[in-house]
Protein chains: 2
Amino acid sequence: MADQNPDQGSLNCFTCQTRDRTEWCVLDDAELQLLNKGRVTKEYLPGEVIFHEGDPCRGVFCLETGMVGVRKTDADGNSVLLYLVTPGDTLGYRAMLAGEDYRASAEALEPTRICVIDVPTVRSLLGHNPALGLRYLKRVSMSLGNAEEKILHNATLSVRARFAHLLLVLIDKYGEKSTNGPTEFELPLSRHDLASMIGTTPESMSRTIKKMESDGVARFTGRIVYIPEIETLVQEFEPDHFV
Amino acid sequence: MADQNPDQGSLNCFTCQTRDRTEWCVLDDAELQLLNKGRVTKEYLPGEVIFHEGDPCRGVFCLETGMVGVRKTDADGNSVLLYLVTPGDTLGYRAMLAGEDYRASAEALEPTRICVIDVPTVRSLLGHNPALGLRYLKRVSMSLGNAEEKILHNATLSVRARFAHLLLVLIDKYGEKSTNGPTEFELPLSRHDLASMIGTTPESMSRTIKKMESDGVARFTGRIVYIPEIETLVQEFEPDHFV
DNA sequence: TAAATAAATTGACGATGGTCAAATCAAACA
DNA sequence: TGTTTGATTTGACCATCGTCAATTTATTTA
């Protein structure tokens, strides 16, 4: 009677645990049927590439378990890590909606299970259900707002301030919610990836971490961060922030 | 019998010269009627602010004549110039589609005529015509791709390489089309604004321009740039670019 | 046209942060 | 457990770029 298996995840879109957190929450049963038919599940191990910059768009990816990093690399091999994609997030929709090839690559950072929905299915759903389009419009528009904010931050803030901000964002998204007081948190990323999220080098990342420790702002043990007082991070980020 | 006046521009959406270049090109006559009713024309002088960061979204702006700059400023007064908006472009749609307040400000850089379409009208059109939503999806998605590219460039390229890239983009968008050979072009921006488009200071901008001149890459006379060979700019931007 | 205001440039200086190489640490594996 | 491999840290160095102040050049305005 078990219609889903903890080792294999959901068998279809109807029983999918993460569906309510995706854009597909606006679909009716008939549309879900269509979605389910256009769907294939794939699994990736850490380091495996889901798509490459320049590849033609294969569809939209729904992350069920694991974590994916979206990277953009230039001709000289320099790269930035743009996004972390976690369960309930959709991946690859930008290229599909823009009608372009991928302009970034996606790589599994943990063992990851993903459903791929092919392009014709997504196009058909978008053409028939305006609410789905509006959902995506909201998502892409908010994402654009965040990207623009990042452009400002990278242009005006120091590496240290950008790192403080990154910590706040990571804790807010993936950590326990606690506005103030001491916080412990496990970073989901290597030093190298932390660096490429804020547009710097692993060496500068190391030195920034060391400096923050000596200043008593945070303590780092491997990927564990201990922050005595979250508010100090906010002050790092906004020098003239006051209560 | 003249249904439009060169000094006042189009009187309505039906006779609007720039409509075909906007998202509204997918609307039928009934929808145009609605659009026209939700529309108010406004004029701005250089320096006048159209909307401020933090303001609630007032609608979507259609630029008929002139030029608008979209800026983002932080608490310390540092700012970046994110976009130049020219006739046929739409403005302010990001906030509207994200359902957020404005996260950037818009300011006229030249005498500018703009039609403002109120939020309910845009919402209504989006809800009824899926093609309009798809148009906006494409626009926002491409914009997001460009923003992500900018994040990579700002993180990995020098001020000089970023400026070379900016020149190429400006010439491509607002200049005569010529892939190779000498090009003359009038920059639409002050040194200060050029600087804030690539996330640097006016001082560094000046020095970069001076260096480029002494290297024979380009000559600057006020806002006029003369580039003996466009290809050299491409090489500045992609060090290992070859034909 | 002269005076006033703003924009752009130049100079001097220093800090931030990138690069390269070496050392240390951690983790995977035989 | 010893070994190998990769990740992280540290050191030394210096180029790029930002900051501040002063000057020159344009642009307005009276």
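Reckoned from all heavy atoms, side chains included, excluding hydrogens, waters and symmetry mates. Below, chains carry the letters A, B, ... as their sequence lines are ordered, and counting in each starts from 1. As the structure is a prediction and not an experimental result, all values here were calculated from the model.
Looking at heavy atoms from C-beta onward, A:Asp193 lies in side-chain contact with A:Leu109 at the 4.5 angstrom threshold. Taking the side chain as every heavy atom from C-beta outward, B:Asp89 and B:Thr86 approach each other to under 4.5 Å. At least one side-chain heavy atom of B:Tyr44 sits less than 4.5 Å from a side-chain heavy atom of B:Ile50.
Within 6.0 Å of CZ in B:Arg219 there are 12 or fewer heavy atoms belonging to other residues, nucleotides or ligands.
To the nearest angstrom, P of D:dT8 lies 7 Å from CZ of A:Arg191. The nearest whole Å value for the distance from the CD atom in A:Glu213 to the P atom in D:dT9 is 9 Å. The distance from atom CZ of A:Arg223 to atom C1' of D:dT8 is 12 Å, rounded to the nearest whole Å.
Taking five base pairs at each end of the helix from C:dT1-D:dA30 to C:dA30-D:dT1, the local helix axes there meet at an angle of 40°, rounded to 10°.
Using a cut-off of 4.0 Å between Lys/Arg side-chain N and Asp/Glu carboxylate O, A:Arg113 and A:Glu43 are scored as salt-bridged. Using a 4.0 Å cut-off between charged side-chain N and carboxylate O, B:Arg94 and B:Glu100 make a salt bridge.
On the nucleic acid side, DNA chain C has its first and last nucleotide under 4.0 Å of a heavy atom of chain A at C:dG17 to C:dC20, going 5' to 3'.
Between A:Phe185 and A:Tyr226, the distance separating the two ring centers is not shorter than 6.0 angstrom.
When the options B:Lys211, B:Arg162, B:Arg160 are evaluated for a salt bridge (Lys or Arg N to Asp or Glu O under 4.0 Å) with B:Glu236, the one that passes is B:Arg160.
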I'd like to know whether B:Asn146 forms a side-chain contact (heavy atoms from CB on, under 4.5 Å) with A:Arg103, so could you lay out the CA-CA distance, the side-chain angles of the two residues, the decisive distance to 0.1 Å, and finally the verdict. CA-CA 9 Å; B:Asn146 292 336; A:Arg103 288 174 69 175; 3.1 Å; yes
Treat primed atoms plus P, OP1 and OP2 as sugar-phosphate and everything else as base, then score nucleotides 12-26 of chain D 5' to 3': B for base contact with protein heavy atoms under 4.0 Å, S for sugar-phosphate contact only, - for none. B----SBBB------
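Taking the six-membered ring where tryptophan is involved, the planes of B:Phe51 and B:Tyr102 are essentially parallel, since the angle between them stays under 30° and well short of 60°.
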